Amino acid sequence: MREAPRPSIPSFVHHRSRLTEGQQHAWDRWWPERGRDVADLLSGVEPYDPQAWFGRTAPLVLEIGSGMGESTAALAAAAPDVDHIAVEVYEPGLAQLLMRLADADLTNVTLLRGDAVALLEERVPPASLAGIRIFFPDPWPKRRHRKRRLVQPGFVALAASRLEPGGLLHLATDWDDYALQMRAVCDAEPALENTAADLPGGWTPRPEWRPVTKFEQRARDEGRAIHDLVYRARPTR
Ligand SMILES: C[S@@+](CC[C@H](N)C(=O)[O-])C[C@H]1O[C@@H](n2cnc3c(N)ncnc32)[C@H](O)[C@@H]1O
C-alpha cells in the first residue's frame, strides 16, 4: 500500500467558544463516557479501540467535521447496526451532538475532539473503515486560503487507504469549484472509483436521508447548488 503524504496545513481554525448552559450540562454529563481527545489517542494516553468503545464489532463509519451533529445523530439513528465516530474540533458542536444522542438514546456514536487528519494518519488502521463522510467541509473560498482545503491528493490517498475494500468515501459541498476539485482529486486516486461514473456529470444525486443542516440551508438560501460525490475503495490495491 502506498504511503500517503500528510497534508501539512490544518483544514480548520480552532476558536475556543463558550458552551451554552445546556451544552455545558450535556458536556459534563456525557463527555467522560462518550467523548475522547484525539491528542490522548495520539500520545498513547488512551488506545484507539472502537471495539472497546462500542462493546461490539460492527461496520465503522468515521465523519470528519460533524458540526452541530444533525447529520451524525440522524444517520446513527437510521443505522443502529453501524458504529459511528464523529471527529470535530468545535466544542459547542460536540456538546450539541451529545444532547442529540442523549435525547434519542443512541449508543452507536463516539465523539472525538481534534484533528481527523492526524487521527487517520496515526491511529486508524489501514482498511478498517466501512465509510468516511465529509459533509460541507470548510470551503476556504479565498484563493490564498485554498491550501487549507481538506480534500487534496495527499488527504484523499490517506482516506482511501483507511477504507476497507468496498468502503465508501462520501463528500458533499455547496461550492462549485470545491466540488470540481473533489472530483478531480478523487478521480485521480487509483484506489478509488466513482460510484456515479455512469450518471450525468458523475455526481451522486443528493441522498434523501441526509438532513439539511444549517450550512446546507444557508447554501440553498444563497442559491448555491449542492454536489454529492460517493467513491468506493477498489477491492484490490
Ligand atoms: C462547514 S462545517 C460543516 C459541519 C457539518 N458537516 C454540516 O454539514 O453541517 C465544517 C466543520 O468541519 C470541522 N473540521 C474541519 N477540518 C477538520 C478536521 N481536520 N478535523 C476535525 N474537524 C474538522 C470544522 O470545525 C467545522 O465544524
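Since the model is a prediction, treat every value here as computed from it, not as a measurement. Note that ligands are numbered from 1 as they come in the structure, with each ligand's atoms numbered from 1 the same way.
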May I have all residue pairs that pass ring pair (Phe, Tyr, Trp, His ring centres under 6.0 Å) and include part of residues 112-136, sequence neighbours excluded?
Phe135-His170

Ring pair (Phe, Tyr, Trp, His ring centres under 6.0 Å) contacts in which one or both residues fall within residues 173-205, not counting sequence neighbours:
Trp203-His227

Between Asp177 and Gln181, do the side chains contain an N or O donor and an N or O acceptor separated by less than 3.5 Å?
no

Pick from Asn194, Leu169, Val230: which one makes a side chain to side chain contact (heavy atoms under 4.5 Å, CB included) with Cys186?
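Single side chain to side chain contact (heavy atoms under 4.5 Å, CB included) partner of Cys186 among Asn194, Leu169, Val230: Leu169.
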
Pairs of donor and acceptor atoms involving the side chains of residues 80-88, under 3.5 Å and at least two apart or interchain, shall be tabulated with distances.
unit_1	atom_1	unit_2	atom_2	d
Asp83	OD1	Arg56	NE	3.0
Asp83	OD1	Arg56	NH2	2.6
Asp83	OD2	Arg56	NE	3.2
His84	ND1	Val82	O	3.1
His84	ND1	Asn108	O	3.3
Glu88	OE1	Ser66	N	3.2
Glu88	OE1	Gly67	N	2.8
Glu88	OE2	Tyr90	N	3.1

Do Phe12 and Trp140 pass the ring pair (Phe, Tyr, Trp, His ring centres under 6.0 Å) test, and can you show the C-alpha distance, the side-chain angles, and the key distance before you say yes or no?
CA-CA 9 Å; Phe12 56 87; Trp140 297 110; 9.2 Å; no

Distances only, to 0.1 Å: what are the N or O pairs between ligand 1 and the protein that fall under 3.5 Å?
unit_1	atom_1	unit_2	atom_2	d
ligand 1	6 (N)	Gly65	O	2.7
ligand 1	6 (N)	Phe135	O	2.7
ligand 1	8 (O)	Phe135	O	3.3
ligand 1	8 (O)	Thr213	OG1	3.4
ligand 1	9 (O)	Thr213	OG1	3.0
ligand 1	16 (N)	Ser11	OG	2.7
ligand 1	19 (N)	Ser11	OG	3.0
ligand 1	19 (N)	Asp115	OD1	2.9
ligand 1	20 (N)	Ala116	N	3.0
ligand 1	25 (O)	Glu88	OE2	2.5
ligand 1	27 (O)	Glu88	OE1	2.8
ligand 1	27 (O)	Glu88	OE2	3.1

